[in-house]
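Notes follow once the structure below has been shown.
Numbers restart at 1 for each chain; the letters A, B, ... are given by sequence-line order, proteins then strands. Note that the structure is a prediction, hence the values are computed from the model and not measured.
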Amino acid sequence: MDLVSIVLVGLPMVVSLLLLSLVGLVPAALRPRLAVPMRLVTFVVGVVLFLVTTGMFFGTLGEVDWLGIGFNTYVFEEQYTWIESLGVTWHVGLDALSFPMVWLTAFLLPVTQIATWNEKRGEVYHPLILLMGATLIGVFVSLDLFMFYIFWELTLIPMFFLILKWGGAERRYAAQKFFIYTFTASVVMLLGLVTLYFLQQPTQAGAYAGSFTGRSFDLVNLSEVAMAANTDGVFLGKTMQAVLFVMLMLGFLVKLPAAPFHTWLPDAHVQAPTGGSMLLAGVMLKMGAYGMFRIPVTLFPHALEQFQFALMLFGFVSLVYGAIVCLGQTNLKKMVAYSSVSHMGVILLGIASQQPIGYAAALFMMFAHGIISPMLFAVCGAFKHHYHSMEIGAMRGMAKHSPWIATSMMFGWMASLGLPLLAGFVAEFMLLVAYWATFGWWILGPGLALAITAAYYLWSMQRTIFEGGEATQPPAGMEGKPIPDLDTSEKVAMLILAAATVLFGIFPFIALDMMDAWTQAAFVVLFGGA
Amino acid sequence: MSEQSVPAFSSEFFGYFAAETVLLVGLVLLIVVPNLGKGTFRVPGTQARVPWFFGGERYAFTGRPDVPGYISVFVLLTAFMLLLNDLLNGWDGAATSALVHAHGDTSVRILAATPFSRLMETLFIGALLLVAVASLDRYRSTQPGAVRSVRELYNNRRQADLHILLLTCALGMSTVALAENLFVLFVGLELASFSSYVLVAFNKESKAGSEGGMKYFIVGSASSGVGLYGLSLLYLWAGTLQVDALALAWSNIGQEVLPYVALGLMLVGFGFKVSAAPFHFAAPDAYAGAASPFAGLLATASKAMGMVGLFRILLVVTLPDGTEGSAVWLMLLGILAAVTMTWGNIAALGSTNPKRMLAYSSVAHAGYMLAALTAVGVWNLGEEALSPAAQEASEAVLTALLFHLVVLVAFKMGAFLVLGVLENEGEIRDDRALAGLGRRSPLLAVTMFIFMLSLAGVPPLSGFLSKLLVIMGIVKVAAVDVGTSGASIGFLGMDLHWVWGLALLMVLNSAISVFYYLRIGVVMFFDAPAAGRDHPVPRAVFATVAITACLVGTLLFGIWGDPLIEVCRSAAAALLG
C-alpha cells in the first residue's frame with residue numbers, strides 16, 4: 001500500500017477538504033453544531049498520522065532500518081507520472097532527513113488540537129489545522145521539485161486563514177504581510193528551479209523525462225546527476241551554480257527566517273492564534289532549513305563552500321540580533337517569536353560550519369526547536385487566554401496564583417535557553433563544537449549570544465512568575481475575576497510537550513542517530529568525506 | 001501539411017465550418033423567432049388578409065422575453081459541443097485542413113480549419129457561452145405580467161439585442177481564428193469589436209456604462225483605424241494580404257522601410273485589443289462601466305482575439321526561416337512587455353474598484369504574454385536560425401501562451417461572473433461590494449478567492465501552471481536553445497540571454513500582484529458587509545452554473561493539465577507549420 005501518498009498526505013488532505021466543504025454547504029445557523037464532530041474527526045485523523053509515523057519509526061510498518069538508508073536513497077518511495085509532457089511526477093519518499101520532520105508534524109497535529117481544544121468556530125478551525133498538517137507533510141515527503149513547490153505554496157493558504165480569522169487585533173496586516181513576504185521569496189525560488197530544470201541535459205533526465213521538454217523535475221535523479229558532476233568538476237559551472245544557489249537560498253532564508261528577512265515573523269506570530277503559532281514555529285519554519293538541506297546543499301556544494309562565510313554571517317546576525325531584540329521586548333509572544341529567529345540562526349550556523357557534527361546539530365535543532373517552541377507558544381496562548389494580555393509584567397506572581405502556567409512557562413523557557421538534559425541543549429552543544437572546529441575562537445560570538453538568551457528568558461520569568469506575589473493586581477482586562485489556571489486540555493498538551501522535551505533531552509540518540517547517519521553519508525558524497 | 005481544398009458553400013464546407021453555420025442559423029432564429037406572431041398581410045387591391053405569421057400580436061411562446069436567451073445559449077452550446085467533439089476526437093489537422101477557393105483554380109487560403117483554429121474557436125465560443133449563461137441572470141427577464149419596475153421592463157426589451165450581439169461577437173471571433181488572410185481577419189475582428197463596443201455600453205442606465213462604452217468605442221475605433229492603415233501599407237508593399245504569401249515576401253525583404261512601418265502600425269491595432277501598455281487607457285473605464293460578464297468577455301475572449309492577430313503577424317509573417325528582417329520587433333516587444341506588466345501591476349495596486357483592479361491585472365497578464373512572444377523571437381537572431389531546438393522552443397512558448405489564454409477563460413471570467421452576481425444588487429464601485437462575502441455566502445467567497453489565487457499564480461491552480469509554462473518557455477529559450485543556436489548570449493555575467501530578465505521581471509511582478517489579489521480575499525473574509533449588502537446573496541441559478549464551470553476548469557487544468565497541454569501543443573505546431 002502507498003503508505004506515504006495515501007495515509008500521510010492523502011488522508012488528511014481529503015478529510016480536511018471534505019469537512020471544510022461540508023461546513024460551507026450547511027446553513028449558517030447549523031454550523032456551530034458541527035464544531036464537536038469536526039474536532040473529533042480531525043483529531044482522530046491526527047492521531048492516526050501520529051501512530052502511523054511512530055509505527056514507521058519502530059519498523060512495525062515497513063521494517064525500515066533508519067540508520068542504513070544513506071544519502072539520496074529513500075524508503076517508502078512511490079512514483080507515478082503526473083504531468084507527462086513536463087516530466088512532473090508524483091514522487092514521495094522518506095529518508096533520515098525528512099522522516100523526523102514528518103514525525104514531528106504528525107506529533108504536533110493532535111497536540112496542537114488538544115492545546116486549543118475549545119478554539120472558537122472550531123468547525124472550521126480544526127479542519128484547517130489538519131489541512132495545514134497535510135500540506136506540511138507534503139512538503140517534507142516530496143521528491144519532485146514541482147510537487148515540492150506546490151506543497152510549499154499550499155502551506156500559505158491555511159495559515160493565511162488561521163491568522164486572518166483567528167488572529168489578534170492586527171491580524172489583517174499580519175496575514176497579508178506573511179503571505180506576500182514568503183510568496184515573493186518563493187517565486188524567485190521558482191524561477192531558480194525552472195532555470196535549473198532547463199539546465200539539465202536531456203540525456204540525463206532519467207526515466208520520467210517530459211515528453212515535451214525532455215527534462216524532469218525528479219529531485220532524486222537530479223541529485224544523482226549533480227553529485228556525479230560535482231565530484232570531478234562543478235555542476236553547471238561556477239557562476240551558474242552560485243546564481244542558482246542564491247535564488248534558491250533566498251526562498252529558504254525568508255522562510256527560515258534569517259535576519260534581515262525575518263520581519264514577517266514577529267507580526268505573523270504575535271497575531272496568529274495559538275494553534276497557528278504552534279505549527280508555524282514548530283514545523284513551518286523548519287521548511288526553510290529542510291529545503292536548504294534538500295536542494296541547495298545537495299546540488300550545489302561548491303557554491304555552499306563559496307558562500308560559507310555569508311551564511312555564517314546570516315546565521316550569526318540572526319542569532320545575536322534575535323537575542324538582543326528579545327531583551328527589549330515587553331510583549332511575551334513577540335519575545336518568543338524573536339527567540340525563534342535567534343534559534344534559526346543556530347541552524348544556519350550549523351550549515352555554515354561545514355562539519356558533520358554541525359549538520360547533525362542543525363538537524364537536531366530543527367527537531368528540538370520543533371518540540372520546544374510549540375510549548376512556548378502554548379504558554380503564551382494560555383497567558384493571553386487567561387489574563388487577556390500579552391504584556392510581560394501584566395500578570396505577576398504567577399507561581400503563587402497559577403502554578404500550572406508558571407511551571408509550564410518555566411519549563412519551556414528553560415528548555416529553550418538550553419538547560420542540560422532537555423532537548424535544546426544537545427543541539428546547542430553540538431553546534432558549539434562544530435563552530436569551534438571551523439571558526440576557532442570566533443566561538444565567543446555565539447557563546448555570548450547564548451548568554452543573552454539566558455538573560456532574556458530569566459529576566460522575563462522573574463518579571464512574570466516570581467515578582468509581586470500576594471500584592472499582585474490582575475490585569476484590567478480580567479475585570480476582577482479570580483485568577484485562573486490552565487484548562488484540562490491545556491494541561492494535557494503541556495504535559496505531552498514537556499515529556500517529549502525530556503525524552504529527547506535525555507535520550508537524544510532516538511532521533512540523533514538517524515540524523516547523524518544521514519549526515520555522514522551526505523558528507524562522503526558532497527565533500528568527499530569529513 | 002497535406003491540405004484539402006473545399007470550395008465555398010459546398011457540403012464539405014459546411015462540415016468543416018459546422019459551428020459557424022450553427023451560429024449563423026442561430027442568428028437568423030434570434031431575429032425571426034421573437035417576431036413570430038399573428039401578423040397578417042393584406043393582398044393589394046382586395047380585402048383579403050393572409051396570415052404570414054410575422055409581426056403583429058406575438059404568440060404566447062414567441063412573445064416570452066426569455067426565449068432569446070435560451071436560443072442563444074442553446075446555439076452556443078451546440079457550437080461548443082461540435083468544436084469540442086472535433087478537438088477531443090483527435091482532430092488530425094495534418095490531413096484535413098480545409099481551404100476555400102476565392103476564385104478559379106489558384107488555391108487561395110481564406111479560411112482554414114486547423115488544430116489551432118479549432119482550439120481558438122472552442123475558446124471563443126466557450127467564453128461566450130459562459131457570458132450568455134450568466135447574462136440570463138445579469139439581465140434577467142421577467143414574465144410580462146409580472147413586470148413591476150422600469151429596470152425589469154428594460155431588461156425584457158433588450159433580451160433579443162443582447163443575445164444577437166453575443167452571437168455576432170462569436171461569429172466575428174471564429175472568423176478571426178479561422179482567417180488565413182489578414183483582410184478576412186480584420187473583418188472578423190471588426191465584427192467582434194463592434195459587437196463588444198455595444199455590449200460595453202449596454203448598461204446605458206448608468207453613467208459609468210455610457211462613459212466606459214464611449215471611451216472604449218473611440219479609442220478602439222481609432223486604434224482599428226491605425227491598424228487598418230498599417231494593413232493597407234502592407235498591401236501596398238506586398239500586393240497581397242495572404243498570410244503565407246506575406247511570409248514569403250518577408251523572407252525576401254530588402255532594405256525597405258515600408259513593411260516595418262506597416263508592422264508597427266498593426267502592432268498598435270492589436271496592442272489595443274490585448275490591452276498592452278500604452279494602449280490600455282480605455283480598458284479600466286470600459287471594464288468598470290460594462291456589466292461584469294461583458295467585462296469578462298473583454299478580458300478573456302477579446303484579448304485572445306488580439307493575441308491571435310499578433311500570432312499571425314509576428315510568428316507567421318515576420319518569422320520565416322532565418323532572414324535579416326525576422327524578429328525586428330524583438331527589442332521593441334521586450335520593452336513593451338516589461339512596461340506593460342509593471343504598469344498594469346502598479347496601477348492595480350491602487351485600484352479599489354475590483355473591476356478596475358481586474359482590468360489592470362488583465363493588462364499585467366498581457367505583459368506576461370508579450371514577454372513570451374518576445375522569447376519566441378529570440379531564437380531567430382542567431383546565425384543558424386531554425387535549428388530543431390529553436391523550432392521546439394517557439395512551439396514551447398506558443399503552447400504556453402495558448403494554455404494561458406484557455407485557462408484565463410476559466411478564472412478571469414469566473415472572477416467577473418462572481419462580480420456579476422453581486423452586481424445584481426447594485427453597481428460595484430469599490431471593494432466594499434465584496435466585503436463580508438465570506439459570511440454572506442461562504443462558497444461564493446471561497447470560489448472567488450480561488451480565482452484570485454489562480455490569477456496570482458498560486459499552485460496547484462491552473463493560473464500557476466500557465467504562468468509556470470510561460471516562464472518555462474522563456475527560460476528554455478534563454479538558457480538552452482539560444483546557447484545551441486550560436487547567438488551571442490550573456491546577461492549579468494550568466495550564460496543566459498537577456499530575455500531571462502523578462503522571466504525574472506515576471507516573477508517579481510507576480511509577487512507584486514499578490515498584494516491586490518490577496519486584498520480581495522481579506523476584504524471578503526475579514527471586513528464586515530457594507531450597508532445594504534448584509535443579507536445573503538440573491539439566488540442566481542444560471543450564473544452559479546457558469547461559475548461552477550469556471551471553478552472546475554480552474555482546478556482541473558491546474559491539477560491535471562496534461563491533456564490540455566497536448567491539445568495546445570498540437571495547435572501550436574499547426575500554427576507554426
Side-chain angles (χ1 to χ4, degrees), chain A residues 20-21 23-26 28 31 81-86 88 124 146-147 149-154 156-157 160-161 164-165 171-173 175-176 179-181 183-192 194-202 211-215 236-237 239-240 242-244 247, chain B residues 392 395-396 399 438-446 449 453 456-460 464-465 467-469 471-472 474-481 492-496 500 503-504 506-512 514-515 518-519 521-523 525-527 536 558-563 565-566 569:
Chain A
L20 285 173
S21 23
V23 174
L25 288 171
V26 165
R31 275 175 215 146
T81 302
W82 183 358
I83 302 180
E84 199 192 348
S85 46
L86 305 181
V88 175
V124 184
F146 185 91
M147 201 179 140
Y149 185 77
I150 283 189
F151 281 116
W152 177 272
E153 294 290 42
L154 269 184
L156 297 181
I157 293 166
F160 173 75
F161 279 107
L164 187 68
K165 296 301 281 185
R171 58 191 186 274
R172 183 186 174 134
Y173 170 75
Q176 293 188 73
F179 197 106
I180 292 164
Y181 211 120
F183 186 84
T184 307
S186 342
V187 287
V188 175
M189 181 178 90
L190 175 69
L191 183 60
V194 170
T195 310
L196 171 66
Y197 172 84
F198 277 112
L199 289 175
Q200 302 174 63
Q201 295 306 315
S211 63
F212 193 179
T213 54
R215 292 160 176 85
L236 304 180
T239 325
M240 212 57 229
V243 170
L244 291 178
M247 291 181 83
Chain B
E392 209 180 274
E395 249 180 64
T399 305
R439 228 166 299 160
R440 299 173 61 201
S441 168
L443 289 181
L444 199 63
V446 167
F449 193 59
L453 290 179
V458 173
F464 165 71
L465 194 57
K467 209 171 264 181
L468 180 78
L469 281 170
I471 293 177
M472 280 172 81
I474 298 175
V475 170
K476 179 170 156 60
V477 169
V480 189
D481 301 317
L492 303 177
M494 297 178 274
D495 291 338
L496 296 168
W500 188 83
L504 185 63
M506 200 174 144
V507 296
L508 294 179
N509 264 301
S510 302
I512 297 177
V514 178
F515 276 90
L518 209 57
R519 190 172 59 204
V522 172
V523 167
F525 290 104
F526 186 82
D527 288 356
I559 294 167
W560 193 53
D562 221 16
I565 293 177
E566 284 303 321
R569 191 179 165 196

Heavy-atom pairs under 4.5 Å with chain B - which of [options] has more of them than the others?
options: A:Ile150, A:Ile157, A:Thr184; answer: A:Ile150
options: A:Val188, A:Leu190, A:Val194, A:Thr213; answer: A:Val194
options: A:Ala175, A:Ala28, A:Ser211; answer: A:Ser211
options: A:Gln176, A:Lys165, A:Arg172, A:Glu153; answer: A:Arg172
options: A:Leu20, A:Leu156, A:Ile180, A:Thr195; answer: A:Ile180

Task: Separation between CE of B:Met472 and CG of A:Leu86, rounded to the nearest 0.5 Å - done: 5.0 Å
Open item on the list: I need the A:Ile83 CD1 to B:Leu468 CG distance, nearest 0.5 Å.
Closed with: 8.5 Å
Does the side chain of [Y] come within less than 4.5 Å of [X]'s, by heavy atoms?
X: A:Phe160; Y: B:Leu518; result: yes
X: B:Pro442; Y: A:Arg31; result: yes
X: A:Trp82; Y: B:Asp562; result: no

- [ ] Applying ring-ring contact (aromatic ring centres under 6.0 Å, His included), run through A:Phe161 and B:Phe526 and close with a yes or a no.
- [x] CA-CA 10 Å; A:Phe161 279 107; B:Phe526 186 82; over 10 Å; no
Task: Ring centre gap for A:Phe146 and B:Phe464 strictly below 6.0 Å - done: yes
Task: Validation row, ring centre A:Phe179 to ring centre B:Phe515 under 6.0 Å - done: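 So the answer is no for these two rings.
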Task: Heavy-atom proximity to chain B below 4.5 Å, by part of A:Tyr197 - done: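 For A:Tyr197, the contact with chain B is made by the side chain alone.
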Task: Engaged part of A:Phe212 at the chain B interface, taking heavy atoms whose separation is under 4.5 Å - done: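 Contact with chain B is through both the backbone and side chain of A:Phe212.
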Which bit of [X] is near chain A, if near means a heavy-atom gap under 4.5 Å: side chain, backbone, both or neither?
X: B:Ser441; result: neither
X: B:Pro459; result: both
X: B:Ile512; result: neither
X: B:Leu465; result: side chain

Task: Over all atoms of both residues, closest heavy-atom pair of B:Leu443 and A:Gly24 - done: CG-O, 3.9 Å
TODO: Let me know which of B:Asn509, B:Leu508, B:Val507 forms a side chain to side chain contact (heavy atoms under 4.5 Å, CB included) with A:Val187.
DONE: B:Val507
